[in-house]
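The structure displayed is predicted, hence computed values, not measured ones.
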Amino acid sequence: MKRKWFGTKTYFARMVLWISAAVLLLVLVLSLVEYISTQKLLLRNESTSNQKILYQIEYNMDVMDESIQNLSKFLFVNGDVASIMYAKTENMADVATRLNNIVTSLVTANPYIHSVSIYNRNLDQFYNVGSSIFFKDPFVDGFYNANQMLPVLKPVIRNIQNLVNGKTVPERVFSYFIYSSSINSAKPDGVVVVNVKPAWLINNIVKINSIDPKKGDRVYVLDDAGEFLESNNEQVDYKMWLKNEYMNYATSHVGAQKNGFFESKYEGAKLYITYVIEKETGLTLIKTQPVNQVFQSIERLKTTIVLITLIFVVLALILSFSISRSIYKPFDKLVHSVMSDRMRRSHLEEVDTIDELSYLGTVYKQSMVKLEHFNQEKFRYQNVMKNYWLNRIMSDGLTLSNEELKPIFAEMRISLPLAGPYALILMKIDKYKDFKQNIHAKDQETIRYAISNIASEIVGRTYSNEGLDMMDDQVVLIVRIPDEEHAYSDAIHTLMQEVQDHVYRYFKVTLSCMVSDTVDALNALADLYNQSLNQAMYRFIFGHSSIITSEMIKRNSENKQMSYDRNLEETFLQALKAGNASLTGEHLQQIFNEIGALSYNNALVSVIRFVDAVKDSLTESKFAATSNLSTSISAISRSLLEKETISEIRDLLQASLQDAMVNDSTDKHNEHNYYIVDAVKEYIHLHYRDLSLNLPSIAATMKISARQLSKIFRESMDISIPDYINKLRMEKAAELLVDQQISVREIVEQVGFVNESYFFSLFKKRFHVTPREYALQKKTVKLYQGE
């Protein structure tokens with residue numbers, strides 16, 4: 001035997017894959033969370049580190065600012081500087097000597113000094129030391145010419161003009177101004193200006209704070225006007241980009257603090273930009289750092305995480321395989337056990353399935369089908385045997401003792417106690433001839449089965465009982481009456497009325513019920529059943545849907561009168577011969593009232609005798625030659641035994657007599673029409689399979705116009721000929737659907753239809769279901785009955 005899943009164990013593989021996928025997903029999620037958390041932490045730490053660097057730079061600038069301030073104060077009080085600044089007359093030899101002393105002692109010793117400018121107000125003359133930047137400082141000169149105050153010992157960033165190779169080149173410096181004003185003058189007598197090299201400041205910042213340009217770290221200083229302190233032409237584009245990025249960030253983040261960081265891109269490379277604004281000088285310190293440098297450690301971490309994830313994947317596969325194997329082990333044993341057992345029984349039972357579960361599902365379904373079949377067989381056998389024993393009780397009487405019956409009743413699930421008293425309820429289907437003609441034989445059995453169940457359930461609410469189908473028109477209920485029950489007849493009467501209502505509601509069938517006396521032993525039920533059959537004959541007198549008891553028929557059975565009053569008969573016949581319809585009907589009613597008081601046998605004989613008397617009288621009357629009334633009376637006489645109640649015979653006889661006396665011509669016409677309609681019906685029943693069967697073809701066969709034939713048939717049958725043909729074909733199709741195993745298409749052809757869609761439409765209109773649904777319902781009912 002070959003099975004695809006047996007070699008690969010599909011379901012087992014799925015278990016391994018699902019568990020592995022779950023563990024792998026968990027590891028991936030945890031790794032991703034760890035990676036993102038570490039990345040954020042690293043960025044936070046890097047930002048904090050850069051902030052510390054910039055704060056350190058800010059501190060260094062403060063230290064340098066203090067050093068320059070002290071140097072400026074020292075120069076201001078220096079003797080050589082003071083002699084030059086406050087001289088009344090100009091002595092160039094002395095000035096040169098003193099300037100040389102300043103250069104030698106101060107400027108050379110402090111390399112960050114770009115130059116020193118001394119202004120003598122008395123002489124309105126500028127003297128420069130260190131770098132010949134200008135002969136006249138326009139900043140100081142503007143101070144004296146306007147009502148302005150020079151900042152004292154505050155760094156002022158200036159763009160000075162420097163003469164290089166005969167050309168004036170702009171150069172940026174820090175300038176510190178120191179001066180003092182006399183009491184009598186608003187303007188100072190002299191000013192000392194110390195100019196500091198910004199490049200020296202930046203180089204010292206880089207060295208002090210260990211900023212490595214090789215790694216891409218760079219530090220820039222912007223003044224309060226947003227200009228770089230460095231005036232060289234290096235990295236002009238980069239500086240312009242950085243300036244714009246910083247300005248845009250500062251503009252778009254109005255609430256930004258004096259320090260912060262952001263990311264940006266320059267020529268495709270991500271940069272991490274940190275800034276701090278120095279509060280004393282108003283300078284902005286900006287540090288740029290490549291992001292890939294920041295994330296070098298993260299990349300190493302990523303590699304580590306990937307490696308750990310791979311290790312966990314391998315471990316997950318091993319773990320999932322082990323867990324799946326443990327879980328799958330009993331399941332695998334079950335599959336092999338089922339397969340081995342099926343192989344021993346039959347190779348043909350194998351079916352191709354996708355996996356183990358599908359295989360077990362198929363085996364389960366097959367087992368349930370067989371179990372259901374077994375249960376049906378068991379139920380059928382049990383019902384057959386149960387009916388067998390109940391039939392023996394009803395027909396033969398039992399000579400078995402209660403000890404012998406007890407295991408039989410238990411095995412057959414007969415719910416009757418072994419001790420009485422018992423009563424019988426015989427239910428007869430009214431108008432049984434019509435019932436047989438209009439309902440299929442299988443449906444008749446179904447309805448009897450339903451009647452038995454309905455009656456057993458309703459009566460079972462009060463009394464334990466067993467129902468039994470006695471075939472033909474009879475269903476019997478064996479009822480156990482409690483010992484203390486004395487008025488069970490009234491209770492049974494109410495229950496049986498409910499049974500009659502339910503049966504008519506569901507099946508449109510009426511029942512006549514015969515409630516017997518009670519007996520104490522099971523073996524007396526056979527006699528009681530025969531008594532109930534005799535009692536049932538009184539339906540002839542009491543009519544359909546009656547509930548007959550012994551008390552009801554007592555008056556009739558004890559009536560010694562043999563027949564009705566002969567004087568009434570003579571009076572009736574005279575009125576009939578005279579054609580007096582009113583008097584005829586009145587006497588007819590009186591005669592049948594007297595017949596209704598007789599015993600069954602006497603009543604039946606009296607009815608036959610009365611019909612014969614009427615027939616003989618009509619033969620001699622004036623109607624005999626002008627009507628076919630005697631023919632109708634003869635038909636009544638022939639079908640007399642088919643009528644179930646005297647009321648039916650009376651009504652039919654009365655209607656026939658009245659019609660004859662009221663309109664003899666109409667009677668003749670109706671009689672003629674009767675033969676025509678009967679011939680049409682017979683012709684349709686013989687030729688309903690013919691595809692060409694229709695009104696014109698029938699009219700042509702009967703030598704009568706189609707219009708006249710249609711009118712006669714509709715007036716007599718209350719249905720048109722085409723509808724009657726379709727009705728008959730539908731009934732035949734319904735029988736074929738239940739009784740024969742043929743397709744719907746074949747049935748359509750057999751019942752005389754050409755268009756299958758038209759057949760479906762008519763069938764659903766008549767039965768309210770499709771042909772397949774109808775067949776399934778009927779077969780389900782048969783299966784439920786255990787056929």
Side-chain angles (χ1 to χ4, degrees), residues 2-53 209-218 260-274 287-339 352-361:
K2 295 181 179 179
R3 297 190 62 84
K4 295 179 180 179
W5 60 265
F6 185 69
T8 58
K9 294 186 177 180
T10 305
Y11 189 67
F12 175 73
R14 288 179 184 176
M15 290 176 62
V16 174
L17 289 177
W18 277 108
I19 296 176
S20 300
V23 176
L24 178 59
L25 180 63
L26 179 62
V27 171
L28 289 177
V29 170
L30 292 177
S31 299
L32 184 61
V33 171
E34 179 66 20
Y35 177 76
I36 294 173
S37 301
T38 305
Q39 187 182 46
K40 290 181 179 179
L41 179 62
L42 184 60
L43 286 175
R44 244 188 341 262
N45 292 340
E46 188 66 24
S47 173
T48 303
S49 176
N50 288 338
Q51 293 288 344
K52 289 181 180 179
I53 291 175
N209 295 281
S210 302
I211 295 173
D212 188 0
K214 294 181 181 180
K215 296 182 178 180
D217 293 354
R218 292 171 185 167
F261 66 92
F262 61 93
E263 289 186 19
S264 187
K265 276 187 177 182
Y266 179 72
E267 295 182 351
K270 283 188 177 182
L271 295 174
Y272 194 68
I273 302 171
T274 310
K287 179 186 178 185
T288 63
Q289 185 178 13
V291 173
N292 58 1
Q293 179 189 346
V294 177
F295 288 105
Q296 281 181 356
S297 57
I298 294 182
E299 292 299 323
R300 290 192 295 270
L301 176 63
K302 185 191 295 183
T303 304
T304 304
I305 290 176
V306 170
L307 181 60
I308 293 174
T309 303
L310 291 175
I311 294 173
F312 267 95
V313 169
V314 175
L315 293 176
L317 289 173
I318 297 173
L319 181 63
S320 61
F321 184 84
S322 177
I323 294 174
S324 300
R325 188 173 180 181
S326 300
I327 297 174
Y328 184 76
K329 190 174 182 180
F331 186 75
D332 189 35
K333 289 182 179 179
L334 174 62
V335 173
H336 280 81
S337 175
V338 172
M339 289 181 61
D352 293 329
T353 54
I354 298 174
D355 55 25
E356 301 95 310
L357 282 181
S358 299
Y359 172 70
L360 291 178

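- Counting all heavy atoms, side chain and backbone alike, P290 lies closest to L271 at CA-CD2, 3.9 Å.
- Atoms CG and CD1, on L30 and I308 in that order, are 11.5 Å from each other to the nearest 0.5 Å.
- With V314 as the partner, the side-chain contact (heavy atoms from CB on, under 4.5 Å) test is satisfied by one option alone out of I311, L310, I318: I318.
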